[in-house]
Amino acid sequence: MDHFRLRKYRGPETWTRVREAYLAGEPAPSVAQRFDVSLANIRKKASREGWTRHAMARRYDLKPVRGTPDGPRPAIGPLPDALNLPFEPNERPVKVREAIERAGARAAWLLSEGRAGEAEVLIRAARALSELSVRYSGMR
């Protein structure tokens, strides 16, 4: 008995919607599930037709928008010099709370500068440090 695999055909209007959803920032696995297309097909078509996020950002030279010249300024001002200095290799904060507060302030500043990825890393590190300090109360 021969079994044949059914091929799914998605028309141009479906692929247009897939492209719009993908470029809007929805993850490819979510787009694939929502429009019933394979993840490999999304990635192949995006690469072949040049609508990967990387290609679109390069094409349009996208930069984060931080308001218009006449619009309001960011709510958070520049990072104070005391918090702006990077940790020296041998420097250790005296208290864990100080390190967590410093990471939070720096993350807020990074967010105001449009650097959300770096801010997220700092926030995760501060959260992990906080959880460790609770678990091992001898670190305080």
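Only this structure's heavy atoms are used, side chains among them; waters, hydrogens and symmetry mates stay out.
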(Q) In the structure I gave you, are the side-chain heavy atoms of Ile42 and Phe35 within less than 4.5 Å of one another anywhere? (A) no

Q: Could you list the residues that satisfy salt bridge (charged side-chain N to carboxylate O under 4.0 Å, His left out) with Arg124, not counting sequence neighbours?
A: Glu120

Q.
Which residues pass the salt bridge (charged side-chain N to carboxylate O under 4.0 Å, His left out) test with Arg10, not counting sequence neighbours?
A. Asp36

Q.
Working to the nearest 0.5 angstrom, can you tell me the gap between Leu111 CG and Arg106 CZ?
A. 12.5 Å

Q) Is there any salt bridge (Lys or Arg N to Asp or Glu O under 4.0 Å) pair reaching into residues 11-28, and which pairs are they, with sequence neighbours excluded? A) Glu26-Arg34

Q: Report the residues that fulfil ring-ring contact (aromatic ring centres under 6.0 Å, His included) with Trp51, sequence neighbours left out, ordered by chain and then residue number.
A: Tyr22

**Q.** Thr14 side chain near Tyr9 side chain, heavy-atom distance below 4.5 Å
**A.** no

**Q.** Test side chain to side chain contact (heavy atoms under 4.5 Å, CB included) applied to Ile123 - qualifying residues, sequence neighbours left out
**A.** Ala107, Arg127

Q) What heavy-atom pair brings Leu129 and Ala99 nearest, and what distance separates the two atoms? A) CD2-CB, 3.9 Å

Q.
Going by side chain to side chain contact (heavy atoms under 4.5 Å, CB included), name the residues that satisfy it together with Pro29, two or more places apart in sequence or in a different chain.
A. Pro27, Leu39, Arg43

Q) Does atom CD of Glu49 have more than 12 heavy-atom neighbours from other groups under 6.0 Å away? A) yes

